[in-house]
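For reference, the structure discussed in these notes is given below.
Read the numbers this way: they start at 1 and go in the same order the structure lists the ligands and their atoms. Just the heavy atoms: all of them, side chains too, but no hydrogens, waters or symmetry mates, feed the values below.
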Amino acid sequence: MITKILEDNLDSISLAATALIAGRLVAFPTETVYGLGANATKDDAVASIFKAKSRPSFNPLIIHFNNILDVKKEVSWNDTAEVLAKTFWPGPITLILNRKTTSQISLLASAGLETIAVRIPRHHIAQTLIEKSGFPIAAPSANESGLLSPTNAQHVMKSLHNRVTYILDGQATEIGLESTVIDLSREVPAILRPGYITKEQIEKTIKHSVIEKLDAVSDAKIISPGMITKHYSPNTPLRINATKFIKNEKVIGFGPKAPPKSMNLSYSSNLDEAASNLFKFLHELDHTNTRSIAVMPIPEAGLGIAINDRLRRASSKD
Ligand code: TXA
Ligand code: MG
């Protein structure tokens with residue numbers, strides 16, 4: 001198969017929807033990162049996502065919808081879900097909820113778990129694609145499993161060349177970091193993957209504290225395999241919290257004190273800006289003959305928590 005990049009217009013989105021209806025794979029932009037989409041209700045379409053990404057089949061996928069009514073057909077809704085959805089959807093938060101017995105979602109997509117991860121993205125291409133397809137779309141980030149998430153169409157092309165029928169090109173994504181994954185299927189809400197929406201924002205919204213289970217395992221089974229330590233990795237070795245730099249090492253700086261010639265996630269120490277540059281910079285450096293990458297410290301607060309989570313995994317050798 002030869003992958004074709006389609007520009008952002010209604011004809012392209014219709015063509016991509018037709019491919020999804022035929023059971024093929026389409027990569028598309030969301031406000032966070034690009035997703036590798038397939039019909040979430042068809043096992044064979046979902047199976048081809050795992051194959052294209054070389055993703056272990058125990059790692060479940062996020063199911064993307066374009067309206068709440070459709071979400072409620074698949075999962076048991078609750079009050080916390082209602083408040084979070086009203087506040088943050090469409091947008092970068094993924095809710096884990098119990099699967100309804102009548103759900104049409106492929107069991108393969110949720111790796112046989114009793115829960116399903118659901119999200120309504122706000123990018124217009126994603127929304128129109130779901131609408132034109134007529135079914136929810138299962139979509140992990142559109143990269144080879146374990147490697148860097150894509151924030152533009154070229155990143156997808158580099159990683160999944162000829163393993164996806166179409167890539168809808170929506171330019172660089174707005175946020176550049178994956179959605180926050182929160183488990184609402186248990187008594188106490190638990191953040192399984194930090195993301196753009198912070199713990200503080202969630203607690204303020206639901207007026208209840210939430211726990212973080214980033215490295216937790218339950219019943220000797222991984223709850224959210226995004227927790228696998230090594231993940232989001234460039235091929236080049238990466239050091240984090242670096243304050244001294246080695247010769248020939250490429251530096252990713254943060255803030256006004258970064259070495260003058262380094263790339264800088266944000267000169268003004270703005271975490272939103274840093275999040276949107278993170279994967280882009282890592283992709284760029286991964287492309288060059290860099291021997292190693294050193295990243296300066298990022299404050300461990302607010303969005304910095306999600307940025308540091310990705311950096312720790314990117315630098316992990318496990
Ligand atoms: O921003 C995003 O979330 C992007 C865009 C494309 O929507 N998607 C994304 O998908 O990052 P992926 O597959 O790379 O990450 C999904 C995360 C994984 O950590 C997975 O283990 C977790 O969600 N997950 C999915 N279903 C789950 C479930 N039923 N229970 C617990 N964790 C789940
Ligand atoms: Mg991913």
Side-chain angles (χ1 to χ4, degrees), residues 26-38 40 46 49-50 52-65 74-75 88-99 103 105-123 125-127 129-130 136-151 155-156 159-160 168 170 173-186 190-197 213-218 221-233 275 279 306 309-310 313-314:
V26 169
F28 61 95
T30 77
E31 68 280 15
T32 57
V33 300
Y34 276 67
L36 178 65
V46 169
I49 294 181
F50 287 94
K53 276 181 63 98
S54 308
R55 179 170 173 121
S57 58
F58 59 77
N59 193 354
L61 309 175
I62 296 174
I63 313 303
H64 298 69
F65 297 81
E74 311 297 339
V75 289
F88 298 115
W89 276 356
I93 189 164
T94 297
L95 313 180
I96 309 288
L97 291 158
N98 283 316
R99 166 189 285 269
S103 170
I105 302 299
S106 154
L107 274 164
L108 189 60
S110 55
L113 297 173
E114 282 163 16
T115 53
I116 301 179
V118 293
R119 158 162 133 80
I120 301 185
R122 70 165 173 250
H123 197 290
I125 294 183
Q127 292 202 351
L129 183 65
I130 299 165
I137 297 179
S141 51
N143 53 278
E144 176 119 12
S145 181
L147 301 184
L148 294 171
S149 293
T151 59
H155 295 160
V156 181
S159 196
L160 297 176
L168 281 162
T173 59
E174 174 199 340
I175 293 174
L177 196 83
E178 299 86 349
S179 63
T180 305
V181 177
I182 181 161
D183 186 355
L184 304 180
S185 70
R186 293 148 197 259
I191 293 178
L192 304 184
R193 178 178 72 182
Y196 187 71
I197 307 288
K213 273 206 190 152
L214 310 187
D215 290 309
V217 286
S218 146
K221 194 155 97 180
I222 294 167
I223 304 176
S224 188
M227 299 190 299
I228 297 166
T229 315
K230 187 174 169 64
H231 213 100
Y232 313 107
S233 302
F279 286 130
D309 169 78
R310 304 304 188 273
R313 292 173 203 279

Are any of the N or O atoms of [X] closer than 3.5 Å to those of ligand 1?
X: Asn59; answer: yes
X: Ser110; answer: no
X: Ser141; answer: yes
X: Thr30; answer: no

Would you say the side chains of [X] and [Y] form a donor-acceptor pair under 3.5 Å?
X: Ser179; Y: Thr32; value: no
X: Arg193; Y: Thr94; value: no
X: Glu178; Y: Ser141; value: no

Should you measure from each heavy atom of [X], which atoms of ligand 1 turn up under 4.0 Å away?
X: His64; value: 5 (C), 6 (C), 7 (O)
X: Ile96; value: 27 (C), 28 (C), 30 (N), 31 (C), 32 (N), 33 (C)
X: Arg119; value: 1 (O), 5 (C), 7 (O)
X: Gly35; value: 6 (C)
X: Leu113; value: 28 (C), 29 (N), 30 (N)

Evaluation steps, side chain to side chain contact (heavy atoms under 4.5 Å, CB included), between Ile116 and Leu97: CA-CA 6 Å; Ile116 301 179; Leu97 291 158; over 6 Å; no
I'd like to know whether Glu74 forms a side chain to side chain contact (heavy atoms under 4.5 Å, CB included) with Val118, so could you lay out the CA-CA distance, the side-chain angles of the two residues, the decisive distance to 0.1 Å, and finally the verdict. CA-CA 9 Å; Glu74 311 297 339; Val118 293; 5.6 Å; no
Contact partition for [X] relative to ligand 1, non-hydrogen atoms under 4.0 Å:
X: Lys53; answer: neither
X: Thr115; answer: both
X: Leu61; answer: backbone

So, do Val33 and His155 sit near enough that their side-chain heavy atoms are less than 4.5 Å apart? no
May I ask you to check whether Asn143 brings an N, O or S atom to under 2.8 Å from the Mg ion (ligand 2)? no
